[in-house]
Number of protein chains: 2
Amino acid sequence: MRIGELAKKAGCGADTVRYYEREGLLPPPGRSEGNYRLYDAGHLARLAFIRNCRALEMSLGEIRTLLGVKDGGGADCSGVTALLDAHIGHVDERIARLAALREQLAGLRERCCGVTPVADCGILQGLAEGGGEAAAGGGRKCLGDAGSLCGREAG
Amino acid sequence: MRIGELAKKAGCGADTVRYYEREGLLPPPGRSEGNYRLYDAGHLARLAFIRNCRALEMSLGEIRTLLGVKDGGGADCSGVTALLDAHIGHVDERIARLAALREQLAGLRERCCGVTPVADCGILQGLAEGGGEAAAGGGRKCLGDAGSLCGREAG
DNA sequence: AGACACCTTGGAGCAACTCCAGGGTCAAGC
DNA sequence: GCTTGACCCTGGAGTTGCTCCAAGGTGTCT
Ligand SMILES: [Zn+2]
Ligand SMILES: [Zn+2]
Ligand SMILES: [Zn+2]
Ligand SMILES: [Zn+2]
């Protein structure tokens with residue numbers, strides 16, 4: 001099958017498939033006479049694996065590691081469970097951070113009902129002072145960029 | 001004060017301050033004879049505001065909107081509460097998605113204890129089939145990119 | 001005079017795509 | 001035979017919010 005059909009079956013775009021090929025996650029397929037990429041069921045299975053991992057928000061680095069084990073990178077699958085445990089840790093960290101954030105935002109939200117002149121808005125004041133309720137000191141360090149789920153470890 | 005001191009007081013890097021200036025969130029400050037940027041307390045307050053918003057994971061677009069209201073873009077602060085409510089919605093959506101993900105990952109994790117030959121690993125099988133337990137049909141659509149907190153609306 | 005810390009600009013790089021321009025391929029229809 | 005249209009190719013730019021770098025200028029201390 002050609003790239004469009006493969007992508008449709010996997011639920012992603014053709015650009016994404018080409019991107020995975022460039023990144024080395026999908027092997028370069030054969031080509032037709034007209035230079036079209038031609039895929040088989042093996043390619044589809046591999047792409048579906050990748051998309052399933054992405055749906056679980058694994059990074060491409062983590063997926064690369066899993067594929068490496070799958071392709072014969074170890075006798076047992078201890079690396080798989082280790083990676084999965086680490087990734088669950090990533091998700092847990094992110095949930096914990098967002099839950100704390102949500103608390104702060106709720107506290108901030110209570111500081112105004114939305115009909116105040118801008119100069120008196122308790123929300124804007126809260127944001128000027130330090131966010132929600134965890135604000136106390138003066139020159140405290142801002143929270144870093146704990147935004148991305150998966151750090152730099154599975155390489 | 002110069003950019004380094006400002007950045008330190010706000011808990012970010014000098015590059016970040018210059019970036020905010022390029023993005024129009026911070027006004028261009030005065031310059032010294034030697035062409036150094038010179039900031040005052042007003043700049044620091046504005047930068048602290050921005051960093052507090054970022055600590056709550058608002059997007060720069062959302063922050064731009066808030067600053068617009070602050071700079072005199074409305075009679076009352078209803079826009080502020082609306083934006084905050086929307087952002088709380090962003091956080092809630094993300095938390096809900098991650099909680100579901102976490103369930104799926106836990107289900108997947110149970111499928112192997114890590115001492116199996118790679119070919120028999122229940123985790124790898126689960127990832128090939130469809131993720132965790134929400135896998136049933138054949139050619140289902142992959143979950144999209146609900147990764148970023150704040151969509152495209154506050155412009 | 002030299003060392004050192006700090007500043008300037010412009011540009012590249014990150015993750016994981018997504019979109020586009022400018023062109024090639026192929027089957028169907030007239 | 002020729003056009004239409006769907007599909008494909010490559011290479012490059014854009015997204016978000018920074019972060020790092022090179023190459024050079026400034027300011028203070030010794
Ligand atoms: Zn992870
Ligand atoms: Zn208000
Ligand atoms: Zn938001
Ligand atoms: Zn296993």
Side-chain angles (χ1 to χ4, degrees), chain A residues 1-26 28-39 47 50-51 53-64 87 90 94 142-155, chain B residues 1-8 10-26 28-39 47 50-64 87 90 94 142-155:
Chain A
M1 74 191 100
R2 290 181 307 187
I3 197 169
E5 191 182 345
L6 178 78
K8 199 170 177 185
K9 280 182 179 160
C12 63
D15 279 336
T16 303
V17 176
R18 282 188 287 256
Y19 174 71
Y20 290 158
E21 180 183 331
R22 272 202 305 285
E23 289 294 304
L25 299 175
L26 282 176
R31 298 280 183 141
S32 74
E33 287 194 8
N35 201 31
Y36 291 179
R37 289 175 179 81
L38 293 180
Y39 298 93
L47 177 56
I50 295 171
R51 293 306 291 174
C53 291
R54 287 293 299 138
L56 295 169
E57 300 204 10
M58 294 181 198
S59 69
L60 295 195
E62 287 171 325
I63 298 171
R64 210 185 309 275
H87 183 62
H90 301 156
R94 186 81 178 115
C142 288
L143 294 112
D145 62 336
S148 66
L149 268 188
C150 309
R152 179 152 306 280
E153 61 227 289
Chain B
M1 74 191 103
R2 290 182 307 188
I3 197 169
E5 191 182 347
L6 177 79
K8 198 170 177 185
C12 63
D15 280 335
T16 303
V17 176
R18 282 187 287 258
Y19 174 69
Y20 291 158
E21 182 183 331
R22 272 202 305 283
E23 289 293 304
L25 299 175
L26 281 177
R31 297 281 182 139
S32 74
E33 287 194 8
N35 199 31
Y36 290 0
R37 290 174 178 81
L38 294 180
Y39 298 94
L47 178 55
I50 296 171
R51 294 304 292 174
N52 285 332
C53 291
R54 286 293 300 140
L56 295 168
E57 299 204 10
M58 293 181 198
S59 70
L60 294 196
E62 289 170 323
I63 298 171
R64 212 185 309 274
H87 183 62
H90 301 156
R94 186 79 178 117
C142 288
L143 294 111
D145 61 339
S148 67
L149 268 188
C150 308
R152 178 153 308 275
E153 60 225 291

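Reminder, nothing fancy here: chain letters follow the sequence lines and each chain counts from 1.
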Between the protein and nucleotides 1-4 of chain C, which nitrogen or oxygen pairs are less than 3.5 angstrom apart?
none

Distance below 4.0 Å between B:Thr16 side-chain N/O and D:dT19 OP1 or OP2
yes

Taken in chain and number order and not counting sequence neighbours, the residues that satisfy salt bridge (Lys or Arg N to Asp or Glu O under 4.0 Å) with A:Arg2 are none

- Is any side-chain nitrogen or oxygen of B:Arg22 closer than 4.0 Å to OP1 or OP2 of D:dC18? no

Taken to the nearest whole Å, CG/B:Asp15 to P/C:dC7 is 11 Å

Of the candidates D:dC9, D:dT19, D:dG17, the side chain of A:Arg18 sits closest to D:dC9

Please walk me through it: do B:Ile63 and B:Tyr20 pass side chain to side chain contact (heavy atoms under 4.5 Å, CB included)?
CA-CA 11 Å; B:Ile63 298 171; B:Tyr20 291 158; over 6 Å; no

One should read off an interatomic distance between A:Ile50 CD1 and A:Met58 CE, to the nearest 0.5 angstrom, of 12.0 Å

Would you say A:Arg37 reaches D:dC9's phosphate, i.e. side-chain N/O to OP1/OP2 under 4.0 Å? yes

Original post:
When you check the phosphate oxygens OP1 and OP2 of C:dA15, does a side-chain N or O of A:Arg64 lie under 4.0 Å from one of them?
Top reply: no

### Query
When you measure from the side chain of A:Arg94 to the backbone N and O of B:Arg94, does any donor-acceptor pair fall under 3.5 Å?
no

B:Met1 atom CE is separated from C:dA5 atom P, nearest whole Å, by 23 Å

Against the side chain of B:Arg51, the closest entry in D:dC18, D:dT19, C:dA16 is D:dC18

From CG of B:Leu149 across to P of D:dG17 the rounded distance in Å is 10 Å

Check whether A:His87 reaches the backbone of A:Leu56 with its side chain - one donor and one acceptor, N or O, closer than 3.5 Å. yes

One would report the end-axis bend of the helix from C:dA1-D:dT30 to C:dC30-D:dG1, five pairs per end and rounded to 10 degrees, as 40°

| message | Below the 4.0 Å mark, does C:dC17 have OP1 or OP2 next to a side-chain nitrogen or oxygen of A:Arg54? | response | yes

Sorted by chain and residue number, the side chain to side chain contact (heavy atoms under 4.5 Å, CB included) partners of B:Tyr39 (sequence neighbours excluded) come out as B:Met1, B:Ile3, B:Leu6, B:Val17, B:Glu21, B:Pro29, B:Arg37, B:His43

Between CG of B:Leu60 and P of D:dG14 the distance, given in whole Å, is 18 Å

Taken to the nearest whole Å, OH/A:Tyr20 to P/C:dA16 is 9 Å

Residue set satisfying salt bridge (Lys or Arg N to Asp or Glu O under 4.0 Å) with A:Arg54, at least two apart, ordered chain then number -> none

Closest heavy-atom pair, B:Ala14 versus B:Ala7, reported as atoms and distance to 0.1 Å, is N-CB, 3.7 Å

Heavy atoms of A:His90 and A:Leu149 approach each other most closely as CB-O, 3.2 Å

For B:Arg31 and B:Asn35, the nearest pair of non-hydrogen atoms, with its separation, is NH1-O, 3.0 Å

When rounded to whole Å, the CD to P distance for the pair A:Glu57 and C:dC17 reads 11 Å

Heavy-atom nearest pair, A:Gly11 first then A:Arg51, reads O-NH2, 4.4 Å

From the candidates D:dC9, D:dC20, C:dC19, the one with an atom nearest any side-chain atom of A:Ile3 is D:dC9

A:Ile63 atom CD1 is separated from C:dA16 atom C1', nearest whole Å, by 10 Å

Show each protein N/O and nucleotides 26-30 of chain D N/O combination with a separation under 3.5 Å, one pair to a line.
| residue | atom | partner | partner atom | Å |
| --- | --- | --- | --- | --- |
| D:dT26 | O4' | B:Tyr36 | OH | 3.1 |
| D:dT26 | O2 | B:Tyr36 | OH | 3.2 |

Rounded to whole Å, the CD-P distance (A:Glu23 to C:dA15) equals 8 Å

